[in-house]
Structure formats: C-alpha cells, structure tokens
Asker: 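Provided herewith is a single structure, encoded as structure tokens, for subsequent inquiry.
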Amino acid sequence: MPENKQHPVFTPFTLPSGLTLKNRVVKAAMEENLAEADLTPSQVLKNLYSEWAKGGCGLIITGNVMVDHLAMTGPGGLALEQKTDITAFAELSRLAQQNDCKIVMQINHPGRQVFKKMGGKALSASDIALNMGKHSHYFAQPKAMDKSEIYDVIARFTHTAQQAEKAGFNGVQIHAAHGYLLAQFLSPLTNKRNDEWGGSLENRARLLREITKSVKAHCSERFSVSVKLNSADFQRGGFEPSDAQAVVDMLSALKVDFVELSGGSYEAPAMQGQTGDERSLAREAYFLEFAKAISEQSNIPIMTTGGISRLEVANKVISSGVALVGIATALAFQPNLVNSWQTQPMHNPLMPRVTFKDKTLAGLATMALVKRQLRRLGEGKHVKANASAIFTIISDQIRAAKLTKRYRKRFAKELN
Ligand SMILES: Cc1cc2nc3c(=O)[nH]c(=O)nc-3n(C[C@H](O)[C@H](O)[C@H](O)COP(=O)(O)O)c2cc1C
C-alpha cells in the first residue's frame, strides 16, 4: 500500500519465532495496579486490554507480572505462579488478541526495588540498598541471594512463562531493565559478588542467560521469548552501552525473539527522560541512538521505547533500522492512537506535564497520572489529560495504602 511506504510503522513484521505483527507499534509495559486480591486480573484490567487491542497496535506487552507473590513491585500488582488459577489471565489474553493484535506477558522479579511497607522478600545480587536520597527509607534493605534462592528464581520465571503459554499468551518478555532483579545482577554498581554470578559481564549476565535458556527449553518453539534491557543505567560506573551490546549478542546466540531497549532505574529514571549522570537524552525517542547502533551490529530485532508519541518520530525509528517502536504513556492517554494515525497522521495525543522541582516527586506524579488514566480507561470513562498532579498523587497514595493493607492481610501468614 502506498500509505505504508510513506509510513513504515504500518508495515507488518514477522519475528524469528514466526509470530507476525500487523504493524510495528507495540504497547510497552505499564504496571496498572489493577489486580484482584488474589493477584489475578480484574474486570477493569481486562477491559483496558480490550481497548488497546481495538485501538490498532500490533503487539501489547502487559505490565510486569511477578514471578513470586512475596516479591511484588507494588500493591495491586499481578503475580502468576505454578499454582495460580489461569482463568482470568486466559480471558485477558483472549481479549487482547481481538483485531489481530498479539500479546506478550512481561515477567519480572523486583529484587531490591520493593517497598518496606509491603513486606515480603527483598533479594538482590548483593546487600546494597536503593539510594533514593531522602526517599530511601521507603525501600527494604536487600539480602544477597544464596545459590538456592538463585535457582528458585530461575524456576519461578520458567513456571510463570509456562503458565502464560497455557493461558494463551503469544510469548513472554523477561524484564531485565529499570533496576529490577536481573538489572541488579547486570550492573557492577549493585552486583559485587565474587562467585560465578558476579564479576565479569559474562558472570553478571549469567542469571539472565540461565532464565532465558530455561524458559525457552520449557515453552514451545513458537512461543515468543524476548528481553527488555537497559541500553545503560545512566549512573557513573554502571551498566554501559558497550555492556548492552555484549548482552544483546549473548541473547542473540540464545535465539531470543527481540530485545527492547530502554534505560534507567528507580535511582536514575532515564525511561522517564531523566538521567542520573551527565549524559542527556534526546527530547523524543530517548534511546534511538543506542538502539540504532545496536541494531546495526546485531541480527536480532530491536525495539526501543521512551518518549515516542508522534507518527513522524515512530516512522523515524523504523526507518533507522529498528524493528519495533514501543509506546507507553501516549497509549494510556489515547489507546486508539494507531487507528487515529491511519486517518490523521499529524494527530498527537494530549499528555500530562508535571513541573515539580523534586525529580522523584515529579516521577511519582507522572506514574500516578498515567495509572489513574489506565484505571479510567478500564472503567469506561473518558480521557482526562489535565488532572491535578497533586490531587492524583494524594489519591494514589491513599489507594496504594488500601491495597497494601489488603495484600498484607491476604498473605499475612507468609509475610515478615
Ligand atoms: C505507569 C507506568 C508503569 C510502567 N510500568 C512498567 C512495567 O511494568 N514494565 C516496564 O518494563 N516498564 C514500565 N514502564 C515504563 C514504560 O514501559 C516505558 O519504558 C516508559 O514509560 C517510557 O516510554 P513512554 O515515554 O512511551 O512512556 C511504566 C511506565 C509507566 C508510565
């Protein structure tokens, strides 16, 4: 179609696993905090996925789903384990596959990025606590994992992936970015181990490699297994672009279906356009330069996410040789963005702008505004891009406190 030549983002793409996407736009992972008390998808969450499928993107990546119900990124999150009843997950995957859309479940272990108030496990490569300045006390002190805990985590990722396949998902994405457990192993700032799981990059990447191998060995060949990786963690002495290139090569050897490149962590939220060191990011498509360089040097499809909301920019990403373009915030404020671009290529979604000076608070407010919008979409309410940031932060804190209480009550016997 002539339109596709003009807009490379609308061309289909077949991943190495054989999964064909009708276009290059991927709804990137956004944790929604819309689980039921048993940590499975609620009706509101299912409605939200239905909206995205109808809205025209080629692939949906779910918000992160935990592999351990005692290690949660936050209250209201999802967990899928060996014994979980998959009925609600299966319904969600069915709704997300309307309109020829595909769905991949992002699977995650938070490691040390867990709130003290939630209780549960705080594990990491080493016992280095999160440094969030005056906000550090909200996070738990992690314990360095012993070998049996490492093997337990490998088994958990594998079980979650098997359950996702049973529930009808087209694949899983292993979350190794944004400072969560696998990123903690990858980064020399958080991995000070001197056994085979630490030291050289080869060793620091071992946990990610072992999980990838195990998931691929226990799921069918046509099940898509991808990885979300930081192009850098944007902290001095941390995981660098050259490390990312080397890890992509390792993942390519393991026949991973694609790698999504992002960046940053709670400490340095580059995925939100903020960096913790002297490097600055592009105003739009933050990680495009890294993604382009990595795409040129590897034969694995690359996706990049961060700061993309305009068709012109999405087209630029694809034209530069990057296979897939990930969009998160813009698809929260306009789930049918891709359909709109088909008829109005210049259309830009309205998105919130937070101008707080405290960067941690600004990040929190943005996340809260997006999550509130996700909830509104799932509840069938209209988009509200100009909601008050202060009001939203406060109501988000109240909601989080209620959900934390619900979680602590439900799992009281197992929590510390
Ligand atoms: C509310 C919210 C929740 C998020 N949750 C996740 C998540 O669960 N997993 C993940 O990999 N990234 C998560 N992200 C990061 C996005 O996937 C994406 O990398 C980031 O928002 C930058 O893309 P954008 O500029 O299109 O929003 C989240 C972002 C937001 C705003």
Side-chain angles (χ1 to χ4, degrees), residues 25-35 45 48 52 57 59-67 72-74 76-80 104-110 113 172-183 226-231 233-234 259-266 268-275 281-288 290-291 303-310 313-314 317 324-335 337-338 348-349 351-354 362-378 389 392-393 396 399-400:
V25 181
V26 182
K27 195 289 287 175
M30 277 182 281
E31 177 174 304
E32 311 88 357
N33 302 118
L34 292 173
L45 190 65
L48 173 61
W52 276 320
C57 49
L59 174 68
I60 294 174
I61 300 178
T62 67
N64 59 178
V65 174
M66 299 308 124
V67 301
M72 303 291 295
T73 47
L78 297 168
L80 178 58
V104 158
M105 179 187 290
Q106 186 183 69
I107 57 179
N108 190 24
H109 190 298
Q113 289 188 161
V172 286
Q173 180 183 63
I174 300 165
H175 197 351
H178 300 173
Y180 292 115
L181 182 68
L182 300 182
S226 57
V227 170
K228 185 161 181 170
L229 187 71
N230 274 359
S231 47
D233 52 20
F234 293 91
V259 174
E260 176 183 354
L261 287 174
S262 183
S265 63
Y266 284 14
M271 61 287 200
Q272 292 183 335
Q274 299 175 29
T275 57
L281 294 170
R283 211 167 49 80
E284 290 177 286
Y286 311 141
F287 308 107
L288 179 57
F290 296 108
M303 160 175 165
T304 188
T305 303
I308 302 161
S309 63
R310 296 192 299 127
V313 178
V317 171
L324 301 170
V325 45
I327 303 182
T329 308
L331 282 170
F333 286 88
Q334 191 166 354
L337 184 61
V338 180
N348 299 327
M351 297 204 287
R353 231 182 252 148
V354 178
L364 266 179
T366 307
M367 295 292 277
L369 283 162
V370 177
K371 285 185 185 179
R372 182 171 170 208
Q373 178 53 38
L374 296 179
R375 201 161 70 243
R376 289 180 66 85
L377 279 178
T392 306
I393 272 207
D396 184 64
R399 184 170 185 271

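The residues of the chain are indexed from 1 along the displayed sequence. As the structure lists them, so they are numbered: ligands from 1, and atoms in each ligand from 1. Fair warning: this is a prediction, and the values are worked out from it, not measured in the lab.
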Asker: What protein heavy atom is closest to atom 20 (C) of ligand 1, reported as residue, atom name and distance in Å?
Answerer: Met271 O, 3.7 Å

Asker: For atom 19 (O) of ligand 1, what is the nearest protein heavy atom, given as residue, atom name and distance?
Answerer: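 Ranked first by proximity to atom 19 (O) of ligand 1 is Lys228 NZ, 3.3 Å.
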
Asker: Are any of the heavy atoms in Gly306 under 4.0 Å away from ligand 1?
Answerer: yes

Asker: Any idea which protein heavy atom is nearest atom 13 (C) of ligand 1, and the distance to it?
Answerer: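 Going by distance alone, atom 13 (C) of ligand 1 is nearest to Ala29 O, 3.0 Å.
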
Asker: Return the CG to CD distance between Asn108 and Gln173, rounded to the nearest 0.5 Å.
Answerer: 10.0 Å

Asker: Backbone or side chain, does any N or O of Ala328 fall under 3.5 Å from an N or O of ligand 1?
Answerer: yes

Asker: Counting both backbone and side chain atoms, is some N or O of Gly326 under 3.5 Å from an N or O of ligand 1?
Answerer: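 Between Gly326 and ligand 1 (N or O atoms, distance only) the closest approach is not under 3.5 Å.
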
Asker: Using heavy atoms and a threshold below 4.0 Å, how should the contact between His175 and ligand 1 be classified: side chain, backbone, both, or neither?
Answerer: side chain

Asker: Could you tell me if any non-hydrogen atom of Gly307 lies under 4.0 Å from any atom of ligand 1?
Answerer: yes

Asker: Going through the distances and angles, do Asn64 and Glu31 end up as a side-chain hydrogen bond (donor to acceptor under 3.5 Å, both in side chains)?
Answerer: CA-CA 6 Å; Asn64 59 178; Glu31 177 174 304; 2.7 Å; yes

Asker: Any N/O of Thr305 closer than 3.5 Å to an N/O of ligand 1?
Answerer: no

Asker: Short question: side chain of Lys27, backbone of Ile61 - any donor-acceptor pair under 3.5 Å?
Answerer: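 Judged by distance alone, yes, a pair lies under 3.5 Å.
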
Asker: Give the atom numbers and elements of ligand 1 that come within less than 4.0 Å of a heavy atom of Ala28.
Answerer: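 Listed by number with element, the hits are 17 (O).
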
Asker: Please report the shortest heavy-atom distance between Ala389 and Ala365, naming the atom on each side.
Answerer: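 Minimum heavy-atom separation between Ala389 and Ala365: CB-CB, 4.3 Å.
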
Asker: Return the option from Leu331, Thr329, Ile327 holding the heavy atom at the smallest distance from atom 27 (O) of ligand 1.
Answerer: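 Selected option, by shortest heavy-atom distance: Thr329.
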
Asker: Taking NZ, NE, NH1 and NH2 as the nitrogens, is one of them in Glu284 or Arg310 under 4.0 Å from a carboxylate oxygen of the other?
Answerer: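 Between Arg310 and Glu284 there is a salt bridge, with a charged N closer than 4.0 Å to a carboxylate O.
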
Asker: Before signing off on this row, confirm whether Lys371 and ligand 1 have an N or O atom pair separated by under 3.5 Å.
Answerer: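 No; the residue has no nitrogen or oxygen that sits under 3.5 Å from a nitrogen or oxygen of the ligand.
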
Asker: Just checking, any donor-acceptor pair under 3.5 angstrom between side chains of Thr305 and Glu260?
Answerer: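 Judged by distance alone, the side chains do pair up.
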
Asker: Got the closest protein heavy atom to atom 3 (C) of ligand 1, with its distance?
Answerer: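 Minimum-distance protein heavy atom for atom 3 (C) of ligand 1 reads Glu31 N, 3.3 Å.
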
Asker: Can a donor-acceptor pair be found, under 3.5 Å and without considering hydrogens, that links the side chain of Trp52 to the backbone of Leu59?
Answerer: no

Asker: Which value, rounded to the nearest 0.5 Å, describes the distance between Leu374 atom CG and Glu32 atom CD?
Answerer: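 Leu374 atom CG to Glu32 atom CD measures 6.5 Å (nearest 0.5 Å).
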
Asker: Any idea which of Gln106, Met367, His178 brings a heavy atom closest to atom 15 (C) of ligand 1?
Answerer: His178

Asker: Please write down residue, atom name and distance for the protein heavy atom closest to atom 29 (C) of ligand 1.
Answerer: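 For this ligand atom, the closest protein heavy atom is Met30 CG, 4.0 Å.
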
Asker: Measure the CE-OG distance between Met271 and Ser231 for me, rounded to the nearest 0.5 Å.
Answerer: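 The distance works out to 11.5 Å.
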
Asker: Using atom types as modelled and distance alone, determine if a side-chain donor or acceptor of Thr392 lies under 3.5 Å from a backbone N or O of Leu369.
Answerer: no

